[in-house]
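Some notes on the structure that comes next.
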There are 2 protein chains.
Amino acid sequence: MESPELIKNLQARVKELENELKCLKSSNSAAKPAAERRGKIAEMSSEVVDSNPYSRLMALKRMGIVDNYERIRDFTVAIVGIGGVGSVTAEMLTRCGIGKLILFDYDKVELANMNRLFFQPHQAGMSKVDAAVNTLQDINPDVCIEAHNYNITTMANFDHFKNCLKNGNLKTDGQVDLVLCCVDNFEARMTVNIVCNEICQTWFESGVSENAVSGHIQLVKPGETACFACAPPLVVATQIDEKTLKREGVCAASLPTTMGIVAGFLVQSALKYLLGFGKVSAYLGYNALEDFFPTMALQPNPQCDDRYCLEQQASYQKRLSEMPPEPVKEAKEEEQITHEENDWDIQLVADDAASEETAEVTPTLAPGLRQAYTLPAERTVCAGAEESVETTEQSLDELMAQMKGL
Amino acid sequence: MESPELIKNLQARVKELENELKCLKSSNSAAKPAAERRGKIAEMSSEVVDSNPYSRLMALKRMGIVDNYERIRDFTVAIVGIGGVGSVTAEMLTRCGIGKLILFDYDKVELANMNRLFFQPHQAGMSKVDAAVNTLQDINPDVCIEAHNYNITTMANFDHFKNCLKNGNLKTDGQVDLVLCCVDNFEARMTVNIVCNEICQTWFESGVSENAVSGHIQLVKPGETACFACAPPLVVATQIDEKTLKREGVCAASLPTTMGIVAGFLVQSALKYLLGFGKVSAYLGYNALEDFFPTMALQPNPQCDDRYCLEQQASYQKRLSEMPPEPVKEAKEEEQITHEENDWDIQLVADDAASEETAEVTPTLAPGLRQAYTLPAERTVCAGAEESVETTEQSLDELMAQMKGL
């Protein structure tokens, strides 16, 4: 063999072996993660080179979408539930270079989870949070990740969970910037709701139906938009959590598509909310069978069962009444997070809304949707109830009577 | 460095790497990817146990969504372009247990790709197809994966590419069941279009805008719906591919959210098309800033520049005219793939459509959209042109004149 050809072959062989070695080492990343990881990057750069993991994100500035993408590093987001939606949510935020993530889950990875994105078969048996931290830190070592392997709904963990949200902020040591709820059961959603109402924490609820072909996300700003307890969970209450179902030999269906799309909506909305671009929908639904995407406004219920929700409503109304005559422009200048305050389609009503305001109170429902019930206070449909909105055959009066009986 | 010395050094390096590899393989059982992989599963089971990777998918049957989920194993899908959309598309189909995937790409993984899902930093430098095959086979060894590391747009590869689509089917050795186009440039889209028109191959086009905040998918059934050449690419033609941009020190923006959502729509539509459930939209757009999702019908252009498109249109019209008077029911019984034929909102027009049919010809446009131009043949907007549809300020007449001038 001629020298040049031999050299070429040898070089190719070296590359091949290096790749194989790299693969082998990474497949065992649980054992030796740190050595493989790239060094931390001190400052996000816009430089267009193959080695810059942030060039395509920083390009959002040149494209006129985001004013200051680097601010992403200042934000702390808590994700509750690291399953089919939560894990992909965590991965997307990690790849976007979020400042800090706080993860909560108490489940283990199983082969039965492999029909959704993120977890890999070799992680079966590991706790979901440990497996997630390993993978996420490999993907982006710049992100600060804190993980808690416990059930937030037990008395023992409730206070710890609350303190994490209250004091977990990377920059301020105060409240986190946003909570994303990606759990699969009613109790955990109620726990997130209670804590967020108490500490006035903005959060997004998310959910995927048991038949795997619909889902939704919902923005909850305590006192300002409907909380999870504001509307009686006509549908949600009948859902049984996955563990109970499994014991009976049945399980909910799930698809990587629907869960990936819901996670995509959730993180897209979180980015829009945090970085101040575009319109953040108060509710965005997804019906996969029809390619139908309902959006709607959700107002808080003055008769909500959660006393903290009522307190936040009063406090919000107070803030609103103290605002100068043209709150839209003034608010924009005062708010730390720009755009978010007025770009949503949410219509606000004072508790003692005068009759001339009533016309504006009706929430904007997408075509094909109608309200499941009405109340004097103009409350709207409940979180996770998109199915009932679309499929209920009960009249408004029947639903209202049913709800009053609860 | 002199050749002999270089050769010596390279040989030493090969030996060193081989040894390291050997050590790693023998000393650490966890570091054997192939050995780590679960055994192949002969038949998909509905059993609800933690070790069954298909339980949540087979539950789609119990939920009444899919009649026969196991059929997924009979299908072969080709994915062209394994970037931000294509890689997630491949992962979703792999986790769904698709029979066979054929992957095409000629790019390498870079750290600059880490702002999108799927690839990991340790894969930087590997070819995208090799990296993808490694990860996908770890996730699901039941899927048969074939990968081609070349540029489909060169003369040298064109025939090979065509033959792969023509003879790649896992079950029949004939045509693949579906092609998903996930490329980032005009030439590659045109290549997919030309081949699919020639062999009458159904495919989905997909795309994400340069500013990262909108995207779309489009179904192309040669002769039956608009092909990529049916409408002049008023917008697409101005797009420059990523390599050219990079040389100039700029790059397109991208987000894991938008790309994950477009991949989700693409695979959801592919599942609906292959397994026969729900409605498959001819076009589904996504505008992230407004949470707006336009759908529309797309009809072929009788003056299309692609001669194979014209042949397929004639052939489709012939098939249509030979159908019995009530083609809707008859077609359903004859078609291998049920539901797909009549659940779309596509309205078909004979070439010589009589005046009484004209009223039905107008494509259904979502609110806020209008046709960019009209022609006697009622062609509709072009693939990838959702931006122009939403933002164009030209009148229909101006656009028509402009198009006629092309």
Side-chain angles (χ1 to χ4, degrees), chain A residues 3 6-7 10 13-14 17 19-24 26-28 36 38 48 50-53 55-57 59-60 63 65 91-92 95 110-112 114-115 117 120-122 138-139 211-213 246 249-251 253-254 256-257 260-261 264 267-268 278-279 281 284 288-291 293 295, chain B residues 3 6-7 10 13-14 17 20-21 24 28 30-31 33 36 38 48 50-53 55-57 59-60 63 65 91-92 95 110-112 114-115 117 120-122 126 134 138-139 211-213 246 249-251 253-254 256-257 260-261 264 267-268 278-279 281 284 288-291 293 295:
Chain A
S3 286
L6 180 60
I7 289 171
L10 280 167
R13 177 69 180 143
V14 166
L17 284 167
N19 274 337
E20 200 180 338
L21 207 55
K22 225 174 181 177
C23 274
L24 212 54
S26 69
S27 72
N28 191 24
E36 280 288 317
R38 67 161 165 83
V48 180
D50 291 341
S51 57
N52 178 7
S55 57
R56 307 298 199 269
L57 296 163
L60 288 164
M63 295 284 173
I65 303 296
E91 178 172 354
M92 286 177 174
R95 291 183 184 266
E110 311 284 3
L111 283 183
M114 293 307 136
N115 69 318
L117 297 179
Q120 304 241 353
H122 70 83
D138 276 347
I139 290 170
N211 66 6
V213 288
K246 262 171 26 180
V250 292
C251 63
S254 59
T257 46
I261 290 164
V267 178
Q268 198 84 289
K279 187 187 94 177
S281 300
L284 174 59
L289 296 183
E290 299 294 325
D291 285 339
F293 302 85
T295 56
Chain B
S3 285
L6 180 60
I7 290 170
L10 280 168
R13 178 68 179 145
V14 167
L17 284 167
E20 199 181 338
L21 211 53
L24 206 59
N28 194 345
E36 274 291 311
R38 65 165 167 79
V48 180
D50 290 340
S51 57
N52 178 7
S55 57
R56 306 298 198 271
L57 295 164
L60 288 165
M63 296 282 172
I65 303 295
E91 178 171 353
M92 286 177 173
R95 291 185 184 265
E110 310 285 3
L111 283 182
M114 293 307 136
N115 68 318
L117 296 179
Q120 305 239 353
H122 69 82
M126 287 179 79
N134 273 353
D138 276 347
I139 290 170
N211 66 5
V213 287
K246 262 171 29 181
V250 291
C251 63
S254 59
T257 45
I261 290 164
V267 178
Q268 198 84 287
K279 186 187 95 176
S281 300
L284 173 60
L289 296 182
E290 300 293 324
D291 286 338
F293 302 86
T295 55

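Keep in mind that this is a model prediction, so the values were computed, not measured. In the text below, chain A, chain B and the rest are named by the order of the sequence lines, each starting its count at 1.
- Ranked by heavy-atom pairs under 4.5 Å with chain A, the list B/Ser55, B/Ala253, B/Ser51 is led by B/Ala253.
- The closest side-chain donor-acceptor pair between A/Asp291 and B/Thr295, if any, does not fall under 3.5 angstrom.
- Residue A/Met92 comes nearest to B/Pro256 through the heavy atom pair CE-O, 3.6 Å, listed as atom of the first residue, atom of the second, then distance.
- Chain B forms more heavy-atom pairs under 4.5 Å with one residue of A/Gly264, A/Gly260, A/Ala212 than with any other, namely A/Gly264.
- Expressed to the nearest 0.5 Å, how far NE2 of B/His122 lies from CZ of A/Arg38 amounts to 14.0 Å.
- The contact between A/Ile65 and chain B is made entirely by side chain atoms (from C-beta outward), counting heavy-atom distances below 4.5 Å.
- At a 4.5 Å heavy-atom cutoff, the contact between B/Leu284 and chain A is made by side-chain atoms alone.
- In this structure, chain A has heavy atoms under 4.5 Å from both the backbone and the side chain of B/Asn115.
- Ranked by heavy-atom pairs under 4.5 Å with chain A, the list B/Leu111, B/Leu57, B/Val267 is led by B/Leu111.
- At a 4.5 Å heavy-atom cutoff, the contact between A/Leu117 and chain B is made by backbone and side-chain atoms alike.
- Expressed to the nearest 0.5 Å, how far CG of B/Leu289 lies from CD of A/Gln268 amounts to 8.0 Å.
- The greatest number of non-hydrogen atom pairs below 4.5 Å with chain B, out of A/Asn52, A/Ile261, A/Thr257, is found for A/Thr257.
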